[in-house]
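Position 1 is the first residue of the sequence; numbering continues from there. Below, each value reflects all heavy atoms present in this structure, side chains not excepted, and no hydrogens, waters or symmetry copies.
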Amino acid sequence: QADHLRGGVAAPARVTLGEWLERWLGGKEAGLAAKTRHNYRKLIDLHITPHLGRKRLQEVRPADLRALYAHLTGAGLGDSMQRQVHNVLHGAFAEALRLELVMRDPSAVVRPSPVRRQTAPVDKALTAEEVATLLPVLQASRWGLIFEFMLHTGLRRGEACGLKWEHVDLEGGVIHIRENLVSINGAVHVSTPKTAKSARRVHLSSEGLGCLRRQRDLQAFEREALTAGPVPGHAKDYQRKRLWTDTGYVFTGISGVRLNPENLGRYLHKLCEEAKIRPVTVHGLRHTHASLMLRRGVPLEVVSEKLGHSR
């Protein structure tokens with residue numbers, strides 16, 4: 001207490017790291033996207049609180065964080081997940097330091113050690129030859145249009161799923177990224193674009209425009225097929241089990257409902273198998289688009305702007 005009065009240490013407090021993380025996250029929630037809030041909550045509940053939650057905030061030392069990261073490595077968590085855990089801790093301790101609840105930030109001097117890979121890293125992007133093999137398969141499938149569009153635009157999966165016709169200017173060849181669909185515990189939520197620069201205008205190539213025109217025609221066909229009314233070949237009193245729902249989204253299920261971004265990977269994996277190419281993630285299509293643009297000599301800053309990178 002005497003040291004505190006002389007300005008040497010932070011005021012004594014019984015608040016634990018777990019309690020502080022709850023307060024810190026509660027203060028940030030209003031400014032976080034739904035998916036980010038969900039991810040922060042999982043990181044805290046699964047990986048931080050069980051190991052350090054009961055320790056007093058002021059007593060957390062760099063050695064404690066080093067031990068936590070070693071435990072996470074032993075539990076099989078990769079580099080990306082450990083960086084996310086570290087970022088949460090760094091954000092919480094930085095706020096505690098600003099409020100003079102602690103005198104130092106232990107996360108400023110300790111970071112997770114890189115996890116040694118057991119296998120060589122897999123290239124995230126498809127080659128031009130693989131794209132040429134995949135495209136005919138995508139064009140022959142009802143579910144391939146969204147992936148073809150992502151190859152031609154580099155959109156994130158949530159941006160493609162969240163694209164509405166009101167954000168499309170076919171005559172001008174431009175789309176506006178205004179919404180981002182995210183999946184939280186299996187339920188789809190509307191969120192804002194990932195970063196400030198993600199809310200952007202994207203100029204479309206002729207191939208991208210072609211995807212939208214074909215999708216518009218497909219929706220018109222499915223809308224007509226699922227409109228209430230008599231069904232050819234059935235009794236007059238037969239009622240359709242599924243009717244078209246006009247959600248306004250560009251890429252939808254057969255009945256017009258919005259897509260769950262989490263389900264796209266399963267569809268894409270099957271299409272890659274059909275094309276007999278190595279599987280690629282949905283995000284890998286974004287890498288592929290960037291890679292092909294750079295190969296054509298498009299300047300890096302132009303590619304970055306089109307993809308909506310934060311920097």
Side-chain angles (χ1 to χ4, degrees), residues 33 35 80 121-139 141 143-165 167-170 172-183 191-216 249-251 258-265 267-269 271-272 275 277-311:
K35 187 71 171 181
S80 175
V122 177
D123 191 355
K124 296 179 181 180
L126 296 174
T127 65
E129 294 74 19
E130 287 171 322
V131 171
T133 301
L134 179 61
L135 277 175
V137 175
L138 298 182
Q139 292 164 354
S141 169
W143 298 104
L145 259 172
I146 187 171
F147 302 122
E148 186 183 352
F149 186 69
M150 293 172 73
L151 272 173
H152 292 310
T153 59
L155 296 190
R156 300 176 176 90
R157 64 180 186 178
E159 294 172 346
C161 291
L163 183 64
K164 287 186 170 182
W165 287 113
H167 304 146
V168 174
D169 178 2
L170 286 176
V174 170
I175 60 173
H176 301 270
I177 305 303
R178 295 290 180 266
E179 288 187 8
N180 184 48
L181 293 190
V182 297
S183 178
S191 184
T192 55
K194 186 175 181 181
T195 66
K197 288 193 175 180
S198 297
R200 64 198 185 281
R201 183 173 62 176
V202 177
H203 292 273
L204 301 176
S205 63
S206 58
E207 293 86 357
L209 275 172
C211 289
L212 291 182
R213 291 192 174 105
R214 283 154 47 210
Q215 179 64 15
R216 180 187 58 186
Y249 287 99
V250 173
F251 298 102
R258 61 191 182 186
L259 297 177
N260 186 332
E262 293 288 345
N263 294 336
L264 294 186
Y267 294 130
L268 181 57
H269 185 80
L271 292 166
C272 287
I277 65 170
R278 61 189 172 91
V280 64
T281 65
V282 178
H283 196 70
L285 300 180
R286 181 169 162 85
H287 286 284
T288 301
H289 177 76
S291 175
L292 295 178
M293 287 184 71
L294 292 171
R295 189 174 300 179
R296 292 198 300 267
V298 178
L300 178 60
E301 58 271 21
V302 175
V303 175
S304 181
E305 182 179 355
K306 183 175 182 182
L307 295 179
H309 285 160
S310 57
R311 61 180 183 272

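Without hydrogens or angle criteria, R258 side chain to C161 main chain gives no donor-acceptor distance under 3.5 Å. Between the side chain of T288 and the backbone N or O of L126 there is at least one donor-acceptor pair closer than 3.5 Å. Checked by atom type and distance alone, the side chain of H203 never pairs as donor or acceptor with a backbone atom of V174 at under 3.5 Å. Formation of a donor-acceptor pair under 3.5 Å by the Q215 side chain with backbone atoms of V250 is found in this model. In terms of modelled atom types and a separation under 3.5 Å, the side chain of R286 and the main chain of G284 share no donor-acceptor contact.
The shortest distance between side-chain heavy atoms of I177 and S198 does not fall below 4.5 Å. Between V202 and K306, some side-chain heavy-atom pair lies under the 4.5 Å cut-off. Counting only heavy atoms from C-beta outward, the side chains of L204 and F149 approach each other to under 4.5 Å. Taking the side chain as every heavy atom from C-beta outward, L271 and S141 approach each other to under 4.5 Å.
For H287, the ring pair (Phe, Tyr, Trp, His ring centres under 6.0 Å) partners at least two apart in sequence or on another chain are H283. Remark: F147 pairs with no residue by the ring pair (Phe, Tyr, Trp, His ring centres under 6.0 Å) rule, at least two apart or across chains. Remark: E179 engages K164 in a salt bridge (charged side-chain N to carboxylate O under 4.0 Å, His left out) (not counting sequence neighbours). Scanning for salt bridge (charged side-chain N to carboxylate O under 4.0 Å, His left out) contacts around R178 gives an empty result, with sequence neighbours left out. Scanning for ring pair (Phe, Tyr, Trp, His ring centres under 6.0 Å) contacts around Y249 gives an empty result, with sequence neighbours left out. Applying the side chain to side chain contact (heavy atoms under 4.5 Å, CB included) test to S206 and every residue at least two apart in sequence or in another chain returns nothing.
Ring-plane geometry between Y267 and W143 is classed as parallel, the angle between the planes falling under 30 degrees on a 0 to 90 degree scale with a further cut at 60.
Note that CG of L285 and NZ of K124 are 13.5 Å apart. Values are rounded to the nearest 0.5 Å. Interatomic distance, CG of D169 versus CG of L209, reported as 9.0 Å (0.5 Å rounding). Between the OG1 atom of T127 and the CG atom of L292 there is a distance of 8.5 Å, given to the nearest 0.5 Å. A distance of 10.5 Å separates CD1 in I175 from CG in L170, rounded to the nearest 0.5 Å. Residue S291 holds its OG atom at 10.0 Å from CZ of R296, rounded to the nearest 0.5 Å. With values rounded to the nearest 0.5 angstrom, T281 atom OG1 is found 11.5 Å from L264 atom CG.
Counting all heavy atoms, side chain and backbone alike, L307 lies closest to A290 at CD1-CB, 3.7 Å. Across every non-hydrogen atom of A275 and V137, the tightest pair is CB-CG2, 3.6 Å. In terms of heavy atoms, P279 sits closest to H269 at CB-ND1, 3.6 Å. The two residues A132 and P136 have their closest heavy-atom pair at O-CD, 3.1 Å. Closest heavy-atom contact between R157 and P261: NH1-O, 3.6 Å. Pairing each heavy atom of H152 with each of H289, the nearest pair is O-CE1, 3.2 Å.
Ion pairing between a basic and an acidic side chain is recognised when a charged N comes within 4.0 Å of a carboxylate O; K35 and E262 show such pairing.
When the shell of 6.0 Å around CZ of R201 is examined, it contains 12 or fewer heavy atoms from other residues, nucleotides or ligands.
Each of N263, I146, L268 was checked for a side chain to side chain contact (heavy atoms under 4.5 Å, CB included) with V282, and the lone residue meeting it is L268.
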**OP:** Could you walk me through whether L134 and L138 pass the side chain to side chain contact (heavy atoms under 4.5 Å, CB included) test, one step at a time?
**Re:** CA-CA 6 Å; L134 179 61; L138 298 182; 3.8 Å; yes
